[in-house]
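Quick note: numbers below take in every heavy atom, side chains included, and nothing from hydrogens, waters or symmetry partners. Quick note: residue numbers are just sequence positions, from 1.
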Amino acid sequence: MNKTLELSIPTAHHWYTKFMKECPSGQLSLHEFKALLGLHGLNPQANHYVDQVFNTFDLNKDGFIDFLEFIAAINLVIRGKIDQKLKWYFKLYDADGNGTIDKRELVIDVFAFLFLQAIQAINGNQEMSPEAFTNMVFQKIDVNNDGELTLEEFINGVESDEQLLEMISKSFDLSNVLKIIQSGRRHSGAERTIKK
């Protein structure tokens, strides 16, 4: 948690005030996290994605995001270096937590759909299926062709491929989450849904 020390005292105080306003108990539950972001009525895949994002920020795995975990997340989004962000993305993809990403995890996971949105924007709205995207990723960065990506393969592969780096950067831009929190908007007028 030394990353919290990278923020100035006024900045840390600002975020603490925002956090405590939204979460007076000092511990943000998954339900409160979804309410804060206006995420209700999600389809199962989108709900799974939100759960995984929450769980990667819940560093001590107690079912809550406390202020230190919140600051670590803010720091990652605002100041994190690309390799730090890629490690976080890897944790999101590694759904079973075994230390590798296999094709099944990439195809099934909602991240494939998020990546596809970025791919379509970059490629002028060309359609690409989750399977085609997964095959392209593995073809580019699965160095030993074993059908699994280790953390090292993932980081090195993405960092060395400008197109994948751009797609990942755009697909996982969490600045909108910060804008919602920073604006103090706990509930939006229209609830957001993520549809397939």
Side-chain angles (χ1 to χ4, degrees), residues 30 33-34 37 39-63 65 69 72-73 75-77 80-178 192-196:
L30 176 60
F33 181 73
K34 289 178 182 179
L37 299 176
L39 300 173
H40 303 284
L42 302 175
N43 69 38
Q45 286 181 318
N47 198 55
H48 176 72
Y49 167 71
V50 173
D51 291 353
Q52 280 189 268
V53 169
F54 180 88
N55 289 331
T56 59
F57 287 145
D58 178 16
L59 300 174
N60 65 2
K61 306 299 178 211
D62 66 353
I65 296 175
E69 292 166 327
N75 223 11
L76 174 69
V77 173
K81 294 180 178 159
I82 191 63
D83 63 322
Q84 293 169 319
K85 291 180 181 183
L86 289 174
K87 285 178 186 175
W88 185 76
Y89 302 151
F90 184 87
K91 286 181 184 180
L92 287 176
Y93 275 119
D94 184 15
D96 61 11
N98 71 350
T100 63
I101 301 168
D102 59 38
K103 287 186 176 185
R104 180 191 51 78
E105 287 172 311
L106 195 56
V107 169
I108 293 173
D109 215 318
V110 72
F111 302 119
F113 296 105
L114 296 174
F115 270 126
L116 288 176
Q117 291 173 355
I119 291 168
Q120 291 168 4
I122 290 167
N123 294 334
N125 294 322
Q126 293 176 352
E127 297 278 330
M128 183 182 275
S129 70
E131 292 82 8
F133 170 75
T134 299
N135 289 333
M136 185 255 315
V137 168
F138 274 80
Q139 184 178 30
K140 287 184 174 208
I141 65 176
D142 184 13
V143 178
N144 60 5
N145 295 314
D146 65 352
E148 295 183 329
L149 298 175
T150 63
L151 177 61
E152 182 180 349
E153 282 177 312
F154 182 75
I155 290 174
N156 292 339
V158 172
E159 285 182 334
S160 65
D161 188 298
E162 196 172 307
Q163 183 186 21
L164 282 177
L165 184 58
E166 184 178 350
M167 286 187 285
I168 286 178
S169 297
K170 287 183 178 181
S171 295
F172 291 106
D173 180 5
L174 298 177
S175 59
N176 288 331
V177 171
L178 290 182
R192 290 181 207 158
T193 58
I194 300 173
K195 300 199 183 208
K196 200 173 184 183

**Q** Atom CH2 in Trp88, atom CG in Leu76: separation rounded to 0.5 Å?
**A** 7.0 Å
**Q** If I compare all heavy atoms of Phe33 with all of Val53, which pair ends up nearest, and what's the gap?
**A** CZ-CG1, 4.1 Å
**Q** Who pairs with Asn60 by side chain to side chain contact (heavy atoms under 4.5 Å, CB included), at least two apart in sequence or on another chain?
**A** Asp58, Asp62, Asp66, Glu69
**Q** Listed by chain and number, what are the salt bridge (Lys or Arg N to Asp or Glu O under 4.0 Å) partners of Asp142, not counting sequence neighbours?
**A** none
**Q** Over all heavy atoms of both residues, which pair between Phe154 and Ile101 is shortest? Give the atoms and the distance, please.
**A** CD1-CD1, 4.2 Å
**Q** Drop me the distance from Lys103's NZ to Leu149's CG, to the nearest 0.5 angstrom.
**A** 9.5 Å
**Q** So, Asp102 and Arg104, do they make that salt bridge, N to O below 4.0 Å?
**A** yes
**Q** Check salt bridge (Lys or Arg N to Asp or Glu O under 4.0 Å) between Lys34 and all other residues, then give those that pass, not counting sequence neighbours.
**A** Asp51
**Q** Which residues pass the side chain to side chain donor-acceptor pair (under 3.5 Å) test with Asp161, not counting sequence neighbours?
**A** Lys140
**Q** Is it true that atom NZ of Lys81 has more than 12 heavy atoms of other residues, nucleotides or ligands lying nearer than 6.0 Å?
**A** no
**Q** Rounded to the nearest 0.5 Å, how far apart are CG of Leu164 and CG of Leu86?
**A** 10.0 Å
**Q** Rounded to the nearest 0.5 Å, how far does CD of Glu153 lie from CG of Asn144?
**A** 4.5 Å
**Q** Rounded to the nearest 0.5 Å, what's the gap from CG on Leu30 to CG on Asn55? Could you check?
**A** 7.0 Å
**Q** Quick one: list whatever passes side chain to side chain donor-acceptor pair (under 3.5 Å) with Thr150, sequence neighbours left out.
**A** none
**Q** Would you find a donor on one side and an acceptor on the other, under 3.5 Å apart, between the side chain of Asp83 and the backbone of Lys87?
**A** no
**Q** Can you give me the closest heavy-atom contact between Leu59 and Ala72, atom names plus distance?
**A** CD1-CB, 4.2 Å
**Q** Listing request: all salt bridge (Lys or Arg N to Asp or Glu O under 4.0 Å) pairs with a residue in residues 143-152, at least two apart in sequence or in separate chains.
**A** none
